[in-house]
Amino acid sequence: MSLHLFISFWAVSALFIITPGADWAYAISAGLRGRAIIPAIAGLLSGHLIATIIVAAGVGALIAATHSAMTILTLAGAAYLLWLGVGMLRHPSAPTAATDEVDDSRWQWALRGLCVSGLNPKVFLLFLALLPQFIDPLGSWPVPIQMTALGLLHIVSCSVVYLLVGYGSKAVLQTRPEAALLVSRISGFLMIVIAIVLMAERFF
């Protein structure tokens, strides 16, 4: 697989990563909770990894072609984002010092992160539409290996951006509790909007 394909894919992938969405909103909410950042982002990246494996294994095309399967995935993802968004509006996060409570709930942050990205059909469709365009059918690497390599490159880029977003929000908003509450509410609102858009796109 040529270096040119890797660089081309990375450039396109980076444009999607730096566009704020549900993942950004979740990373920001984790940033406001201190040591929840790492498990939250690990959960987000796990969702991207699962999408990569599904597409590389050839299951992705089958799921995308099955209307009922895509509808179920979309509704599940939208419902989960809606639930998270409403929760953030009702109980907005604010910067806190690391506490035992946060430590005990790290696995919950990771699980929620996995659900945010893993149930987001946009992530799945991104891989399905993007990866095949940068595959060399005549290359020395098997096609599934090429897809996996590109998916891992995307995940590495995601990790850098999401860590910057998470720790950046913590550093910037740590001494601004009122601004932190506003940003948390905006993140919750964005999750609700994304959920509504997902459902609208699926049905209309």
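All values below were derived from every heavy atom in this structure, side-chain atoms included, with hydrogens, water molecules and symmetry-related copies excluded. Residue numbers start at 1 and run along the sequence shown.
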Checklist entry - Can you list the steps and then say if Leu89 with Ile192 is a side chain to side chain contact (heavy atoms under 4.5 Å, CB included)? => result CA-CA 10 Å; Leu89 287 180; Ile192 293 174; 3.4 Å; yes

Item to check | Test log, rule side chain to side chain contact (heavy atoms under 4.5 Å, CB included), inputs Leu114 and Ile50 | outcome: CA-CA 9 Å; Leu114 171 62; Ile50 291 173; 3.6 Å; yes

Checklist entry - Can Ile41 and Asp23 be said to form a side chain to side chain contact (heavy atoms under 4.5 Å, CB included), step by step? => result CA-CA 9 Å; Ile41 293 176; Asp23 286 7; over 6 Å; no

Checklist entry - Stepwise, does the side chain to side chain contact (heavy atoms under 4.5 Å, CB included) test hold for Ile155 with Leu49? => result CA-CA 7 Å; Ile155 291 170; Leu49 179 60; 3.8 Å; yes

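Under the ring-ring contact (aromatic ring centres under 6.0 Å, His included) criterion, His48 pairs with His154, sequence neighbours left out. Listed by chain and number, the residues in a side chain to side chain donor-acceptor pair (under 3.5 Å) with Ser159 amount to none (sequence neighbours excluded).
A cation-pi arrangement is present between Arg112 and Trp109 under the rule of less than 6.0 angstrom and at most 45 degrees off the ring axis.
For the pair Ala56 and Thr148, the tightest heavy-atom approach, listed with the atom from each and the gap, is CB-OG1, 3.6 Å. Trp141 approaches Ala149 most closely through the heavy-atom pair CZ3-CB, 3.9 Å. Taking both residues in full, the closest heavy atoms of Ala30 and Ala40 are given as CB-CB, 3.5 Å, listed atom of the first, atom of the second, then distance. What you find for Gly166 and Ser169 is that their closest heavy atoms are O-OG, 2.7 Å. Among all heavy-atom pairs drawn from Leu81 and Ala22, the shortest one is CD2-CB, 3.8 Å. The two atoms that bring Phe127 and Ala51 nearest to each other are CD1-CB, 3.5 Å, heavy atoms only.
Cluster membership for Tyr80 and Val193, using ILVMFWY side-chain heavy atoms within less than 4.5 angstrom, is not shared. Val12 is connected to Trp10 through a chain of hydrophobic side-chain contacts under 4.5 Å among Ile, Leu, Val, Met, Phe, Trp and Tyr, so both are in one cluster. By the rule that hydrophobic residues join a cluster once side-chain heavy atoms approach within less than 4.5 Å of another member, Leu82 and Val123 end up as members of separate clusters. In the hydrophobic cluster analysis, where Ile, Leu, Val, Met, Phe, Trp and Tyr join through side-chain heavy atoms closer than 4.5 angstrom, Phe16 is grouped together with Leu152. In this structure, Val165 is a member of the same hydrophobic cluster as Tyr167, with clusters built from ILVMFWY side-chain heavy atoms closer than 4.5 Å.
Here the side chain of Trp24 pairs no donor or acceptor atom with the backbone of Ile18 at under 3.5 angstrom. Side-chain N or O atoms of Ser13 include none that pairs as donor or acceptor with a backbone N or O of Phe9 at under 3.5 Å.
Once rounded to the nearest 0.5 Å, the distance linking OG of Ser46 with CG of Leu111 reads 10.0 Å. Note that CD1 of Ile37 and OH of Tyr26 are 11.5 Å apart. Values are rounded to the nearest 0.5 Å. Atom-to-atom distance recorded for Ile17:CD1 and Cys158:SG is 4.0 Å, nearest 0.5 angstrom. From Ile186, atom CD1 reaches atom CE of Met191 across 13.0 Å, with rounding to the nearest 0.5 Å.
Residues Thr52 and Met147 fail the side-chain proximity criterion, which asks for heavy atoms closer than 4.5 Å.
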